[in-house]
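Data first, discussion second: the structure below is written as structure tokens.
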Amino acid sequence: AYGGDSVFTTTAATAPNVYVAGYIASGIGGVGVATIWKDGVPTSLTNGNNVAVANSVFVSGSDVYVSGFENNGSNDIAKLWKNGIATSLTNGTNSAAGRSVFVLGSDVYVAGSEHNGTKNVAKIWKNGIATSLTNGTNDAEGQTVFVSGSDIYVAGSENNGIKAVAKIWKNGVAVSLTNGTEDAEVYSVFVFGADVYAAGYEYNSAATVLNAKLWKNGVATNLNNASSTGGAFSVYVSGADVYIAGNETVGTPGIQSAAKVWKNGIGNVVTNGVEDAGAFSVYVFSTDVYLAGFEFSGTKAVAKIWKNGVATSLTNGTNDAYAYSIFVK
């Protein structure tokens with residue numbers, strides 16, 4: 001359930017349903033098929049004729065919304081699926097993608113981007129109607145959307161001509177989180193009361209690593225070790241606790257990436273670092289912490305979820321598969 005105070009209420013008398021969005025490379029010639037899993041059972045959203053990916057899932061009442069894209073043979077079309085029925089947000093003239101979906105009442109918001117023929121333009125669609133957040137002079141990406149009351153927050157990045165600057169747009173007005181001397185990106189935004197949390201990364205050229213970052217009201221905190229590469233892809237706030245999903249290189253010489261969850265800045269690795277892995281999404285339900293992501297098994301990526309650190313595979317490793325978003329209801 002969703003409260004007007006931007007707080008997800010996560011209590012239930014019965015076991016919850018777990019929804020996951022991603023893709024399985026099971027189409028023609030290994031083409032990605034946009035997929036939604038409910039309690040581990042997959043449903044294909046596309047037929048496998050063209051590349052498609054489901055990037056985000058949001059459940060409102062009995063309705064399941066998924067955003068992503070499907071290629072038309074030439075360009076990617078931004079898509080919204082409601083209960084498996086697809087709506088195109090763009091016409092396919094230029095490539096576009098829906099990165100994040102959020103539902104409040106009867107309004108459906110999708111954040112993403114559309115190419116204008118030269119550059120990517122950050123966009124927000126409300127009930128299918130697009131609003132550009134950038135003017136198309138420089139590349140920009142809308143990666144995530146969160147709605148709190150009457151305020152619409154979109155986060156991502158906009159290039160300054162040289163570097164990608166991490167940004168949050170509140171009701172279309174941009175605030176920069178980084179100064180543009182290093183590349184940076186926001187992948188997730190979460191509003192809790194008066195506080196705005198953003199998760200992403202900023203490149204550290206001196207150490208030649210990516211720093212996983214949390215911004216709270218614009219103030220940055222580094223999450224990973226200064227000598228390792230990391231990324232923060234999802235943030236979720238539950239009461240006084242802030243959870244972040246991501247990855248960080250581990251071991252010697254630190255070339256493998258391990259899936260990781262940070263709680264109040266303290267990191268916990270949920271994979272052993274033997275195979276590459278990452279957590280792209282976190283959701284807290286009651287006292288349980290759910291992650292969605294992937295872990296390699298040999299040469300293939302296996303879509304996975306972790307509940308309180310315990311892994312469940314969504315795929316068998318025959319084909320590459322990734323889980324990008326999780327929603328528990």
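What you see below is based on every heavy atom in this structure, not just the backbone, and it leaves out hydrogens, waters and symmetry mates.
Under the 4.5 Å side-chain heavy-atom criterion for Ile, Leu, Val, Met, Phe, Trp and Tyr, Y109 and W125 are members of the same hydrophobic cluster. Under a hydrophobic clustering in which Ile, Leu, Val, Met, Phe, Trp and Tyr are joined whenever their side-chain heavy atoms come within less than 4.5 Å, directly or via other members, F233 and V209 fall into different clusters. Residues Y187 and V189 are members of separate hydrophobic clusters, defined by side-chain heavy-atom contacts under 4.5 angstrom among Ile, Leu, Val, Met, Phe, Trp and Tyr. I77 and V53 fall into different hydrophobic clusters, where Ile, Leu, Val, Met, Phe, Trp and Tyr side chains are chained together by heavy-atom contacts under 4.5 Å. A continuous path of Ile, Leu, Val, Met, Phe, Trp and Tyr side chains, each step under 4.5 Å between heavy atoms, connects W81 with V57, placing both in one hydrophobic cluster.
Counting only distance, with no hydrogens or angles, the side chain of T144 and the backbone of S100 share no donor-acceptor pair below 3.5 Å.
For E114, the salt bridge (charged side-chain N to carboxylate O under 4.0 Å, His left out) partners at least two apart in sequence or on another chain are K123. In this structure Y322 satisfies the ring pair (Phe, Tyr, Trp, His ring centres under 6.0 Å) test together with Y23, F294, sequence neighbours excluded.
Taking the six-membered ring for Trp and the full ring otherwise, F102 and F58 have centroids separated by under 6.0 Å. Taking the six-membered ring for Trp, Y243 and Y236 have ring centres at least 6.0 Å apart.
Here the closest non-hydrogen pair linking G98 and N55 is O-ND2, 3.1 Å. Here the closest heavy-atom approach between residue R99 and residue Q143 is recorded as CB-O, 3.4 Å. Taking every heavy atom of both residues into account, G278 and A259 meet most closely at C-CB, 3.7 Å.
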Between E141 and S157, does the side chain to side chain donor-acceptor pair (under 3.5 Å) criterion hold? Intermediate values first, please. CA-CA 5 Å; E141 296 286 345; S157 68; over 6 Å; no
Kindly determine whether D288 and S286 satisfy side chain to side chain donor-acceptor pair (under 3.5 Å), including the steps that lead there. CA-CA 6 Å; D288 296 319; S286 187; 5.7 Å; no
Please test S113 against N120 for side chain to side chain donor-acceptor pair (under 3.5 Å), starting from the C-alpha separation and ending with a verdict. CA-CA 6 Å; S113 65; N120 280 329; 4.6 Å; no
Can K82 and T87 be said to form a side-chain contact (heavy atoms from CB on, under 4.5 Å), step by step? CA-CA 8 Å; K82 179 181 178 182; T87 297; over 6 Å; no
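Interatomic distance, L210 CG to S228 OG, rounded to the nearest 0.5 Å: 10.0 Å.
Residues in residues 198-226 take part in these salt bridge (Lys or Arg N to Asp or Glu O under 4.0 Å) pairs, two or more places apart or across chains: E202-K213.
Residues N135 and T137 bring a donor and an acceptor atom of their side chains to less than 3.5 Å of each other.
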